[in-house]
Number of protein chains: 2
Amino acid sequence: MGIIKGRWSFPIIRALMNGTMRFKELERNVSSINTRMLVKELKEMEAEGLVIRKAYATVPPTVEYSLTEKGQALKPVIVEIEKWAEKFLQ
Amino acid sequence: MGIIKGRWSFPIIRALMNGTMRFKELERNVSSINTRMLVKELKEMEAEGLVIRKAYATVPPTVEYSLTEKGQALKPVIVEIEKWAEKFLQ
DNA sequence: CCGCATCCCACAGGATACTG
DNA sequence: CAGTATCCTGTGGGATGCGG
């Protein structure tokens, strides 16, 4: 399992659990990520089939990201991690 | 959560789920890890309170590693990850 | 707004020889 | 057996400016 590798996939998935988000929204919501990393992670996650990218031909551009079923299915994992963290991290 | 960071903590924990193991056993059981990485990870995990190291003054030396309660508690996480992997990875 | 393009650095991780 | 010591490389990740 090297699919949630990288420092950011986890927080990004967490953010998208709450539903579709635009690029800028993600950039604001995901802790202290920077543009380059967000772009990079999103591309990788798209390639892995975890997120879907929808672009709208508006001015200025609108791009929405959401989780695929495969991405949504990671929720139980995240829940368990959070349970663990709550119990063992002060 | 940067505690299961690194490429190896996960497989190491997985191996130790089955019980106490000696250094060499781990080296054999954890896929293709090399000595340096195994030593390094074990030290970090010991510092994080995930594993316990027990050394015996024998010749040749015997060192056993096992999971702490905190380490054991990661089992549900691993279970969920495996469920997910089984479902979504061919 | 979205997201490339650059530049840069630290360090994770690999391979392997050596020691108590 | 259980590590330590070296050397080396790739790349993850940060900062920031530019363009459609």
Side-chain angles (χ1 to χ4, degrees), chain A residues 1-16 18-68 71 74 81, chain B residues 1-16 18-68 71 74 81:
Chain A
M1 175 70 191
I3 206 166
I4 317 188
K5 73 165 195 288
R7 178 170 170 185
W8 300 110
S9 28
F10 182 76
I12 291 174
I13 290 175
R14 244 202 132 301
L16 289 177
N18 305 324
T20 298
M21 279 188 128
R22 299 183 57 177
F23 186 86
K24 210 68 180 180
E25 282 183 286
L26 275 172
E27 201 166 10
R28 273 189 297 263
N29 276 278
V30 179
S31 62
S32 57
I33 195 169
N34 65 45
T35 310
R36 205 182 69 90
M37 276 301 114
L38 184 52
V39 173
K40 199 179 164 191
E41 285 290 331
L42 284 172
K43 270 190 186 154
E44 291 176 9
M45 292 169 71
E46 195 188 356
E48 286 162 347
L50 294 178
V51 305
I52 296 172
R53 190 191 113 111
K54 270 188 194 162
Y56 301 93
T58 56
V59 178
T62 303
V63 182
E64 293 181 343
Y65 292 91
S66 54
L67 291 178
T68 60
L74 283 168
I81 291 178
Chain B
M1 173 71 188
I3 206 167
I4 320 188
K5 74 167 194 291
R7 178 170 169 187
W8 300 110
S9 27
F10 181 74
I12 291 174
I13 291 174
R14 244 201 132 302
L16 289 177
N18 305 323
T20 299
M21 279 187 129
R22 299 182 60 175
F23 186 86
K24 210 67 180 183
E25 284 183 286
L26 275 172
E27 202 168 10
R28 275 189 294 265
N29 274 278
V30 178
S31 61
S32 57
I33 196 170
N34 65 44
T35 310
R36 206 182 69 89
M37 276 300 113
L38 183 52
V39 173
K40 198 179 165 192
E41 285 291 331
L42 284 172
K43 271 187 184 156
E44 291 177 9
M45 292 168 71
E46 195 188 356
E48 286 162 348
L50 294 178
V51 306
I52 296 173
R53 190 193 113 111
K54 270 188 195 163
Y56 301 92
T58 57
V59 177
T62 304
V63 182
E64 293 181 345
Y65 291 92
S66 55
L67 291 178
T68 61
L74 282 168
I81 291 177

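Values reported hereafter were calculated over all heavy atoms of this structure, with side chains retained and with hydrogens, waters and symmetry mates removed. Bear in mind the structure is a predicted one, so any value in this text is a computation, not a measurement.
Computed from coordinates, the Ile12(B) CD1 to dG13(C) P distance equals 10 Å when rounded to whole Å. As a whole-Å value, the separation of Lys54(A) NZ from dC2(C) C1' is 18 Å.
When DNA chain D is scanned in the 5' to 3' direction for atoms under 4.0 Å from non-hydrogen atoms of chain B, the outermost contacting nucleotides are dC1(D) to dT6(D).
Looking at every heavy atom in both residues, Leu26(B) comes nearest to Ala15(B) through CD2-CB, 4.0 Å. Contact record, Ser66(B) with Thr20(B): CB-OG1, 3.6 Å, taken as the closest heavy-atom pair.
The side-chain heavy atoms of Met37(A) and Trp8(A), taken from C-beta on, include a pair separated by under 4.5 Å. Here the side chains of Met21(B) and Leu16(B) are in contact, with some heavy-atom distance below 4.5 Å. Side-chain contact between Arg14(A) and Val30(A) is absent, with no heavy-atom pair separated by less than 4.5 Å. Annotation: side chain of Val39(B) is in contact with side chain of Thr35(B) (closest heavy-atom distance under 4.5 Å). Side-chain contact check for Leu74(B) versus Phe10(B): every heavy-atom pair is 4.5 Å or farther apart. Residues Ile12(A) and Tyr65(A) are not in side-chain contact: their nearest non-hydrogen atoms beyond the backbone lie 4.5 Å or more apart.
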Could you go step by step and tell me if Lys24(A) and Glu27(A) meet the salt bridge (Lys or Arg N to Asp or Glu O under 4.0 Å) rule? CA-CA 5 Å; Lys24(A) 210 68 180 180; Glu27(A) 201 166 10; 3.7 Å; yes
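No engagement by Tyr56(B) is indicated, since no non-hydrogen atom pair under 4.0 Å with the nucleic acid exists. Here Glu44(B) lies out of heavy-atom contact (under 4.0 Å) with every strand.
Annotation: the span from Leu67(A) atom CG to Met45(A) atom CE amounts to 6.5 Å, rounded to 0.5 Å. The distance from atom CD of Glu46(B) to atom CD of Glu41(B), rounded to the nearest 0.5 Å, is 13.0 Å.
Stems are defined here as 3 or more consecutive Watson-Crick or G-U wobble pairs with pairing distances under 3.5 Å; those involving DNA chain C are C:1-20 with D:1-20.
Residues of residues 21-34 of chain A that place a heavy atom closer than 4.0 Å to DNA chain D, in numerical order, are Asn34(A).
Place Pro60(A) and Arg7(A) on DNA chain D by their nearest nucleotides, and Arg7(A) ends up nearer the 5' end.
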Enumerate donor-acceptor pairs with a distance under 3.5 Å from any side-chain N or O in residues 50-59 of chain B to protein atoms, sequence neighbours excluded.
{"residue": "Tyr56(B)", "atom": "OH", "partner": "Glu64(B)", "partner atom": "OE1", "Å": "3.4"}
{"residue": "Thr58(B)", "atom": "OG1", "partner": "Pro60(B)", "partner atom": "O", "Å": "2.8"}
{"residue": "Thr58(B)", "atom": "OG1", "partner": "Thr62(B)", "partner atom": "N", "Å": "3.3"}
{"residue": "Thr58(B)", "atom": "OG1", "partner": "Thr62(B)", "partner atom": "OG1", "Å": "2.9"}

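Not counting sequence neighbours, Glu25(B) has no partner by the salt bridge (Lys or Arg N to Asp or Glu O under 4.0 Å) test.
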Pull out every protein N or O sitting under 3.5 Å from an N or O of nucleotides 4-8 of chain C, one pair per line with the distance.
{"residue": "dC4(C)", "atom": "OP2", "partner": "Lys43(A)", "partner atom": "NZ", "Å": "2.2"}

